[in-house]
Number of protein chains: 2
Amino acid sequence: MLAKSSTELVRQKNSALVLSALRRHGPLAHTELSDFTKLSSATVSVITADLERAQIIEKAEQQAASGRGRPRVLFSQRRNCGYLIVVVISSDAVQYSLVDYAGRLIDRFSEERSQEASGVGPFVADLRDALRRIAARSQLAHDKVLMISISSKGLVDTSEPVLRWSPIFGRDEIDFAAVLRDEWPAKIILGNETLLVASALGRQEENNKGSDFRAMAALSLGHSIGLGIVRRGEEGGHQVSAPNFGHMMHVPGGGLCRCGARGCIEAYAGFYAMLRTAFDVPLDTIPAKFVPIAELDKIAVSARHGGRRNMLAFRQAGLALGNGLSRVLSLHERMPIVITGPGVRYYDLLIEGITEGLAESHVVRMEGMPELRVIVDEPTLVFEGHLNHAFSIIDNDIVRRTASVVELRGQAG
Amino acid sequence: MLAKSSTELVRQKNSALVLSALRRHGPLAHTELSDFTKLSSATVSVITADLERAQIIEKAEQQAASGRGRPRVLFSQRRNCGYLIVVVISSDAVQYSLVDYAGRLIDRFSEERSQEASGVGPFVADLRDALRRIAARSQLAHDKVLMISISSKGLVDTSEPVLRWSPIFGRDEIDFAAVLRDEWPAKIILGNETLLVASALGRQEENNKGSDFRAMAALSLGHSIGLGIVRRGEEGGHQVSAPNFGHMMHVPGGGLCRCGARGCIEAYAGFYAMLRTAFDVPLDTIPAKFVPIAELDKIAVSARHGGRRNMLAFRQAGLALGNGLSRVLSLHERMPIVITGPGVRYYDLLIEGITEGLAESHVVRMEGMPELRVIVDEPTLVFEGHLNHAFSIIDNDIVRRTASVVELRGQAG
DNA sequence: AGTAAATTTCTCGACTGTCGAGAAAAAAGT
DNA sequence: ACTTTTTTCTCGACAGTCGAGAAATTTACT
């Protein structure tokens with residue numbers, strides 16, 4: 001209860017509502033907009049006229065009339081209203097995508113990262129170079145890029161686009177805003193990768209279940225462990241967060257983790273950790289920087305054929321995940337859990353431990369086992385999450401500026 | 001982004017803003033209202049006139065003018081606009097308080113609960129009886145009671161006033177709405193006790209730090225362990241939640257807890273648990289229902305004089321709390337932690353374990369030790385939290401109804 | 001071809017809300 | 001009695017939403 005309300009704010013919110021309907025359902029006619037937003041037809045008229053004048057949306061070309069009556073004219077985002085660059089940083093590569101304001105992919109390329117850590121300096125140089133390149137390839141002026149949305153695994157600051165800790169660069173922080181400010185007027189945002197997965201899942205679930213949707217967690221298994229949580233917010237929106245799950249304490253004083261602490265969940269359930277258990281290496285051995293997935297596949301094959309030690313590796317990983325999840329559920333509420341990431345290929349070996357680790361806890365005894373789902377294709381979710389997250393911010397920013405834009409245009413004309 | 005906005009909503013929000021300013025700062029004049037809410041003087045005039053007409057606020061009696069100029073007239077809540085009954089359920093007693101709409105305590109009494117658990121049936125009968133009594137003593141018609149705000153330790157449903165699990169009644173649920181509906185038209189709300197502590201602390205902190213305030217946790221130590229978290233919400237308001245911290249898993253398959261599960265934090269840090277460790281009773285012994293605090297005091301004295309086994313009891317409790325807190329911080333952000341409840345009398349013995357349990361984790365290594373504060377007087381915080389929480393809901397409800405009330409009055413007059 | 005029916009979009013007037021500026025009110029000083 | 005000072009109230013302008021009905025535009029039917 002801190003901010004006062006005003007009629008201008010009402011317009012802002014309702015304009016945002018119109019834009020978000022367009023995002024969710026694609027091109028819509030006046031009538032449909034009115035239906036989806038529950039705004040009166042008259043209001044929709046005014047808002048669409050404003051947005052059209054501000055060059056944010058446009059009427060689509062007339063299309064074959066489908067029935068009796070005046071034909072509908074569809075509104076959609078003006079594609080060249082602005083652009084979004086999506087940067088997905090993973091352990092072995094960085095993927096760059098250029099997307100127009102309507103959400104269409106225009107260009108994409110990936111750059112491999114050299115395995116031997118080259119440090120922050122060269123990485124940033126590569127990043128700047130690649131960004132310049134993706135704009136140049138589509139002959140785009142830098143000021144037409146509204147936002148650069150970056151994701152990485154690791155620990156991300158909640159308010160600034162600063163990477164606090166990552167499996168790749170460790171404690172060497174990267175302040176992306178500082179690094180890109182000189183060349184890009186765009187807004188820079190940085191999100192934890194699994195946060196974006198959760199965001200994408202939240203939208204999917206909302207589409208399916210409607211207002212029944214309450215909350216959901218995404219667990220990403222791989223070299224490191226990520227968790228994203230999405231919940232319905234006070235005002236109908238989605239609140240999404242990425243707790244530092246991988247480095248939540250599993251066992252006090254337990255196995256040494258890549259982060260330098262001991263007993264993190266990742267130190268039991270990350271790929272390197274499972275390998276460590278499988279080979280019976282002492283738990284305080286400094287973990288390998290990178291583990292070829294083929295190595296783990298071998299262990300999995302053996303485990304599936306009854307190899308004791310190898311089964312144990314997956315079981316212990318599952319237990320760490322299950323216990324951790326039970327703690328998450330204790331601190332929030334019971335919610336469906338979606339498991340994704342490269343590690344899902346071992347789901348058959350992990351599930352027993354996960355279930356057992358969950359079962360012991362008070363929450364699960366009280367409220368029952370949470371629903372567990374598996375989704376294999378993580379990269380698609382990450383990209384969807386980027387679009388989701390980025391455009392909802394972009395649209396809100398745009399709407400906040402529209403009033404003044406219209407004013408200026410009015411004076412000019 | 002689901003709900004549309006409208007001019008009526010604007011008025012609602014701004015009316016709520018006025019009422020909340022009155023709550024925070026006590027009686028205020030027109031000018032002060034305008035200052036605090038940032039609303040224009042004209043708008044304040046309209047809103048206060050509406051609220052006055054609806055019998056929600058009133059002008060205070062003229063008071064001695066303090067200086068030159070037209071004297072201020074203070075607005076304040078109409079005391080008899082409605083009443084709130086606060087019910088604080090603790091392990092040994094139930095306290096009933098009657099509060100008027102201005103937040104003034106009118107009547108209060110406590111009823112001891114018999115130690116041998118008498119079950120839900122008799123408890124509910126006593127509750128109904130006491131509620132009838134507190135209204136009768138002030139000759140209050142039941143329909144003048146706007147809300148009955150109940151608190152208990154234990155697990156509370158997030159949407160309905162249903163006690164899911166409590167240290168007192170175990171899994172025997174109580175649906176307070178169902179139980180009181182026939183006699184009381186009032187809204188019934190139920191909150192976890194430590195949630196209300198957090199709510200009170202949040203308000204205090206907001207008053208001190210203003211917009212610097214981000215989040216805060218309240219940890220209540222006693223027979224059971226409670227945790228409340230308060231965070232600044234999207235729209236400036238406070239979001240408060242009570243995770244099931246006491247029964248979060250501390251050690252898989254660990255000591256038997258009152259709740260029936262194993263290894264809960266409470267099974268190490270609750271009073272009965274510390275006693276169990278001190279007397280070296282096996283960890284799977286069914287815990288005592290109730291532990292006289294004098295017993296623990298003896299152990300504390302011995303521990304302070306170097307009694308090994310007794311020191312261990314407090315140390316283990318501290319470790320459980322510290323580890324648990326580190327997990328909470330992993331899942332949220334770093335925030336100050338206020339420790340309260342009867343258990344703070346052993347703070348000197350617990351702090352070492354707490355610190356150690358916190359220190360091991362990734363979060364604390366990364367972001368540093370969270371600020372720890374001790375507040376001894378928990379009951380005051382609980383009551384403050386009740387008022388806070390209840391009146392913010394009441395005010396919002398009232399404001400939602402005011403429009404129609406004014407309309408009806410307009411027709412009648 | 002002409003007209004009716006159907007459907008969508010646009011427009012007008014009524015209503016509600018906020019705001020700035022200045023009028024009105026009410027006390028203290030001169 | 002008049003001025004100064006401070007607070008409260010009031011008026012007209014402006015922004016926003018809404019319902020109802022007019023206008024537009026196509027298909028169907030005679």
Side-chain angles (χ1 to χ4, degrees), chain A residues 3-18 27-53 57-60 62-75 399-400 402-407 410, chain B residues 3-18 27-53 57-75 399-400 402-404 406-407 410:
Chain A
K4 70 172 176 180
S5 200
S6 66
T7 50
E8 279 92 358
L9 260 178
V10 169
R11 167 56 63 87
Q12 249 179 55
K13 283 207 168 182
N14 287 341
S15 299
L17 200 61
V18 167
L28 295 177
H30 180 107
T31 329
E32 299 166 306
L33 279 175
S34 173
D35 286 351
F36 282 130
T37 61
K38 312 287 178 200
L39 292 168
S40 76
S41 165
T43 305
V44 171
S45 279
V46 184
I47 289 178
T48 51
D50 270 12
L51 292 176
E52 212 179 342
R53 203 171 331 141
I57 62 174
E58 61 187 357
K59 286 181 178 149
Q62 214 71 340
Q63 47 186 18
S66 58
R68 222 134 110 128
R70 182 172 173 172
R72 300 179 162 190
V73 298
L74 300 181
F75 288 101
V399 148
R400 212 168 300 146
T402 304
S404 43
V405 170
V406 169
E407 221 173 274
Chain B
K4 70 172 174 179
S5 200
S6 66
T7 49
E8 281 93 358
L9 261 180
V10 169
R11 168 56 64 86
Q12 251 179 54
K13 283 208 169 181
N14 287 340
S15 299
L17 200 60
V18 167
L28 294 177
H30 180 107
T31 328
E32 299 166 307
L33 279 174
S34 174
D35 287 351
F36 282 129
T37 61
K38 312 286 178 201
L39 292 168
S40 76
S41 165
T43 305
V44 172
S45 280
V46 184
I47 289 177
T48 50
D50 270 14
L51 292 176
E52 212 180 343
R53 204 170 332 140
I57 63 174
E58 61 186 357
K59 287 181 178 149
E61 284 311 298
Q62 215 70 340
Q63 48 186 17
S66 58
R68 225 135 112 122
R70 181 171 173 173
R72 301 180 161 189
V73 297
L74 300 182
F75 288 102
V399 148
R400 211 167 301 143
T402 304
S404 43
V406 170
E407 219 174 275

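Side-chain N/O atoms of Ser40(B) include one lying less than 4.0 angstrom from OP1 or OP2 on dC19(C). Considering only side-chain N and O atoms, Thr43(A) lies under 4.0 angstrom from the phosphate OP1 or OP2 of dC18(D). Regarding contacts with the backbone of dG16(D), every side-chain N or O of Asn14(A) stays at 4.0 angstrom or more from both OP1 and OP2. Neither OP1 nor OP2 of dG17(C) sits under 4.0 Å from any side-chain N or O of Lys4(A).
Between the C1' atom of dG17(C) and the CD1 atom of Ile47(B) lies a distance of 9 Å, rounded to the nearest Å. Taking atom NZ of residue Lys38(B) and atom P of nucleotide dC19(C), one finds them 12 Å apart after rounding to whole Å. Here the C1' atom of nucleotide dT7(D) and the CZ atom of Arg68(B) are 14 Å apart, to the nearest Å. As rounded to whole Å, 16 Å separates atom C1' of dT9(C) from atom CG of Leu39(A). Residue Leu9(A) contributes atom CG, which lies 16 Å from atom C1' of dT16(C) at whole-angstrom precision.
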Taking N or O atoms only and anything under 3.5 Å, show me the protein contacts with nucleotides 8-11 of chain D, one pair per line.
| residue | atom | partner | partner atom | Å |
| --- | --- | --- | --- | --- |
| dT8(D) | OP1 | Val73(B) | N | 3.1 |
| dT8(D) | OP2 | Thr31(B) | N | 2.9 |
| dT8(D) | OP2 | Thr31(B) | OG1 | 2.3 |
| dC9(D) | OP1 | Lys59(B) | NZ | 3.3 |
| dC9(D) | N4 | Ser41(B) | OG | 3.2 |

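Of the possible polar contacts, none joining the Asn14(A) side chain to the Lys4(B) backbone as a donor-acceptor pair under 3.5 Å is found.
Comparing dT17(D), dG17(C), dC19(C) against the side chain of Arg11(A) picks out dT17(D) as the nearest.
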